Structure formats: structure tokens, C-alpha cells
Amino acid sequence: DLELKVPVGTRATDKDTGEVLGDLIKHGARLKVAQGGFHGLGNARFKSSTNRAPRQKSDGTPGEIRWLQLELMLLADVGLLGLPNAGRKERKLEGSGEKGGGEQEE
């Protein structure tokens, strides 16, 4: 297996077809872009009680080959991180002595 570490916000595109394979928008996300080949079988696979030292093997199949274009998306393309107005109303009301929610207490 071959793994490439890329920053958050990377888009993988097949260069030949233009197909977008996926966007990595979360930390630790993984994306499989090509299928590997099947492994070959060695002589231990062909061993039996009568053929203790086989001289056979089978070759594996080749994996998929793809040309990729990796592009880093802008923060505006990915989306805003966090909540920009979180806690703003509560801070304003704390200093003014009012209760939250716009309700009047008597």
C-alpha cells in the first residue's frame, strides 16, 4: 500500500478523465484512488504430502494505474471552520445586566 499525506482541503482528480475522485475535508480522512493487484502464490501454496518441495509459483495481477491531480482548495471552497458568532450575544448581555432571550422579568 502507498499512502500520501496531504493537507486538509485537498481534492483528488483523475487527470485523464477529469473525474473528481474525492475531497479530503476532515483531518485523518482516507481516500482510495486506485485498486492494487492481487498477490501471487509462492511454492508453499503448492506443497502437499507427496510434493514436499514444489518448484511452482503463480504471478500476481498488476494493479490499476492512474494519473492524479492533487489540488489544494481555498478555505472559502471548504467552508468556514467554527462558528463566527458563537457566544457574542451572551457576552453582550453579561455586561449590560440583562437576562438572555429578550424576556422581561418583574
Side-chain angles (χ1 to χ4, degrees):
D1 293 346
L2 174 66
E3 289 189 14
L4 297 176
K5 292 188 178 192
V6 295
V8 174
T10 301
R11 173 178 286 164
T13 308
D14 189 319
K15 206 167 185 181
D16 296 330
T17 64
E19 173 190 6
V20 175
L21 302 173
D23 297 332
L24 299 168
I25 58 174
K26 290 186 179 179
H27 181 71
R30 298 172 121 192
L31 176 67
K32 183 178 181 179
V33 295
Q35 177 65 41
F38 184 73
H39 60 84
L41 302 174
N43 61 358
R45 172 69 173 86
F46 299 102
K47 186 171 71 167
S48 67
S49 61
T50 57
N51 188 6
R52 292 181 183 261
R55 302 275 184 237
Q56 299 171 327
K57 66 176 177 69
S58 67
D59 295 327
T61 59
E64 186 178 4
I65 297 175
R66 274 191 154 160
W67 288 97
L68 298 177
Q69 179 176 354
L70 300 175
E71 52 189 322
L72 187 59
M73 296 184 294
L74 297 174
L75 184 60
D77 294 339
V78 175
L80 295 175
L81 301 176
L83 300 173
N85 293 333
R88 176 185 269 171
K89 183 175 181 181
E90 286 76 15
R91 278 197 305 264
K92 181 179 174 190
L93 294 177
E94 263 180 37
S96 66
E98 294 179 21
K99 299 283 182 186
E103 298 173 11
Q104 297 276 334
E105 283 192 23
E106 295 181 26

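Note that these values count all heavy atoms, side chains included, but never hydrogens, waters or copies made by symmetry. What you are looking at is a predicted structure, and each value in this text was computed from that prediction instead of being measured. Each residue takes its place number in the sequence, starting with 1.
The side chain to side chain donor-acceptor pair (under 3.5 Å) test applied to Asp59 returns Lys57, not counting sequence neighbours. Glu3 pairs by the side chain to side chain donor-acceptor pair (under 3.5 Å) definition with Arg30, not counting sequence neighbours. Take Gln35 and apply the side chain to side chain donor-acceptor pair (under 3.5 Å) test, not counting sequence neighbours, and it matches Lys32. The side chain to side chain contact (heavy atoms under 4.5 Å, CB included) test applied to Thr61 returns Phe38, not counting sequence neighbours. Among residues two or more places apart in sequence or in another chain, the side chain to side chain contact (heavy atoms under 4.5 Å, CB included) test is passed with Val6 by Thr10, Leu24, Leu70.
When all heavy atoms are compared, the tightest approach of Leu21 to Leu31 is O-CD1, 3.7 Å. Here the closest non-hydrogen pair linking Asp14 and Asp16 is OD1-N, 2.9 Å.
To the nearest 0.5 Å, atom CD1 of residue Ile25 and atom CZ of residue Arg11 are 10.0 Å apart.
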